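See structure below.
Just so we're clear, the structure is a prediction, and the values are computed from it rather than from any experiment. Below, all heavy atoms of this structure are taken into account, side chains as well, without hydrogens, waters or symmetry copies.
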Amino acid sequence: MARGLISSAFLAAFAGSNMDEIPQGSLTLALSIGAGLVLIASIGIPLVIAHRTRRIVAATSAALSELHELNGRYAASVMPLPVLTRRYRAATTSKSAFDRFPLRTFLMDAVLDDETRLVVDIDQRLDRMRHYSAYTRELTDVGNRSIGRSGDRRMNPDKYAKIERELFHKRMLTAPTPLATVTAVVTYTSPQGRNSYRKHLDWSFAELRVGLDEARRQRAAKSTSEYLRRRERSLLTPKLRTDILRRDGSRCRMCGASANTGAVLHIDHIVPISHGGLTVPGNLQTLCQSCNLGKSNRFVG
């Protein structure tokens, strides 16, 4: 329609004129302007209409009104936080040490040292995800209850419903997906500075949580083991030592050396405490210092 009106206007402008009398340049310019106006009309008028229909839906939709109120309540609590970033560095003094460097163990120890701050940062991001879960539950209720319940006599019901759904999804709050870049870097530079080496390990947010939990478990296990070891050693009283020496005749159970020949005698756990051995007479024996050092924490049956 718009294209026809503009074309008619241009035809009217030149009606009654001898085309031969019109300069070629003027005619070309006029036709170019006419084509441009046709293009603008063909694009612009539909945009104006689309904008108007969206305004009508936005102003009359109960679902969009409820969504606006819901967004207002949750916007601050679900706003995405910046990427959680940590960078831990180490340097070795030799190439062999660089090659053997336990990068994962280093990173786990580093996050444990930084545990207090990391826990705060992690919890803040998880809290926003919890708020967003509550938001999506209410959002689903609003959508199920209100989308398609409104309308306007100026618009076709199907078109109204289509635009309402589009605006509803477009105006939903963005999920605050937690992101992290936690990096451990180890480097080595040769004494003359001719060669430099570098390797790194990166953790995402999910990997950070897994790594921190694993580091905590290892720390707890070490603490428990140390407690049990101290407890078992404390049970080796002077009286129990004397009883074991007397039972073994004050001789090394492995080589037979005795205190009379100058041997330094120790009371040894047959099954080492580090392997679960208990401080009971059946798990204790007399060893000389040399045999005890040779046995170390191994079980020698």
Go through the structure and list residues passing side-chain hydrogen bond (donor to acceptor under 3.5 Å, both in side chains) with [X], not counting sequence neighbours.
X	result
R229	E226
D99	K95
R247	none

With a 6.0 Å cut-off (strictly less than), is the heavy-atom count around [atom1] of [X], excluding the residue itself, greater than 12?
X	atom1	answer
R209	CZ	no
R231	CZ	no
M79	CE	no

*For H68 and R171, what are the C-alpha separation, side-chain angles and deciding distance, and is it a side-chain contact (heavy atoms from CB on, under 4.5 Å)?*
CA-CA 8 Å; H68 179 73; R171 296 181 181 187; over 6 Å; no

_Under 4.5 Å between side-chain heavy atoms, counting indirect links through other Ile/Leu/Val/Met/Phe/Trp/Tyr residues: same cluster for I267 and L265 or not?_
yes

*Could you list all the side chain to side chain donor-acceptor pair (under 3.5 Å) pairs where at least one residue sits in residues 249-264, not counting sequence neighbours?*
D248-R253

*asked:* Between R137 and D141 (salt bridge meaning N to carboxylate O under 4.0 Å), is one present in this structure?
replied: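 Not counted as a salt bridge, because no side-chain N and carboxylate O are separated by less than 4.0 Å.
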
_Whether E115 and R219 form a salt bridge (side-chain N of Lys/Arg under 4.0 Å from carboxylate O of Asp/Glu) is what I want to check._
yes

_Main-chain N/O of S204 paired to E207 side chain as donor or acceptor, under 3.5 Å_ = yes

How long is the span from the [atom1] atom in [X] to the [atom2] atom in [Y], to the nearest 0.5 Å?
X	Y	atom1	atom2	value
S61	R149	OG	CZ	12.0 Å
T189	R194	OG1	CZ	14.0 Å
R125	D127	CZ	CG	11.5 Å
T105	Q218	OG1	CD	7.0 Å
N292	H266	CG	NE2	6.0 Å
L278	I273	CG	CD1	9.0 Å

Can you name the side-chain contact (heavy atoms from CB on, under 4.5 Å) partners of [X], sequence neighbours left out?
X	value
P238	none
K170	none
S290	C288

*asked:* Considering only residues two or more places apart or on different chains, which pairs with a residue in residues 71-85 satisfy salt bridge (charged side-chain N to carboxylate O under 4.0 Å, His left out)?
replied: E69-R73, R73-E138

*Are H269 and T279 close enough that a side-chain donor and a side-chain acceptor fall under 3.5 Å?*
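On atom types as modelled, these side chains qualify, holding a pair under 3.5 Å.
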
*Exercise: do T183 and D202 side chains pair donor with acceptor under 3.5 Å*: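 Result is yes, a qualifying pair exists.
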
_Before you tell me yes or no, could you show the steps for T53 and K159 under side-chain contact (heavy atoms from CB on, under 4.5 Å), namely the whole-Å CA-CA distance, both residues' side-chain angles and the distance that decides it to 0.1 Å?_
CA-CA 9 Å; T53 56; K159 185 174 183 180; 4.3 Å; yes

Remaining members of hydrophobic cluster (4.5 Å side-chain criterion), [X]:
X	result
V83	L179
M172	I56, V57, L64, L67, L70, Y74, V78, Y132, Y135, L139, V142, I147, M155, Y160, I163, L167, F168, L173
L201	L84, Y88, F98, F101, L103, F106, L107, M108, V111, L112, L118, V119, I122, L126, V182, V186, Y188, Y197, W203, F205, L208, L212

_Please determine whether side-chain contact (heavy atoms from CB on, under 4.5 Å) holds for the pair K222 and R217, giving the CA-CA distance in whole Å, both sets of side-chain angles, and the decisive distance to 0.1 Å._
CA-CA 9 Å; K222 288 178 182 177; R217 286 194 298 272; over 6 Å; no

*Restricting to pairs with a member in residues 108-131, which pass ring pair (Phe, Tyr, Trp, His ring centres under 6.0 Å), not counting sequence neighbours?*
none

*Under a 4.5 Å cut-off applied to non-hydrogen side-chain atoms, are D121 and R86 in contact?*
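They are in contact (side-chain heavy atoms under 4.5 Å apart), so the answer is yes.
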
*Any side-chain heavy atom of E214 sitting closer than 4.5 Å to one from R104?*
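In short, these two side chains touch, coming nearer than 4.5 Å.
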
Would you name the heavy atoms of [X] and [Y] that are closest together and state the gap between them?
X	Y	result
C252	L287	SG-CA, 3.8 Å
L240	L236	CD2-CD1, 3.9 Å
A175	P80	O-CG, 4.4 Å
S146	E66	OG-OE2, 2.6 Å

*Let me see the working for R117 and D114 under side-chain contact (heavy atoms from CB on, under 4.5 Å), right down to the final yes or no.*
CA-CA 6 Å; R117 291 193 308 149; D114 198 16; 2.9 Å; yes

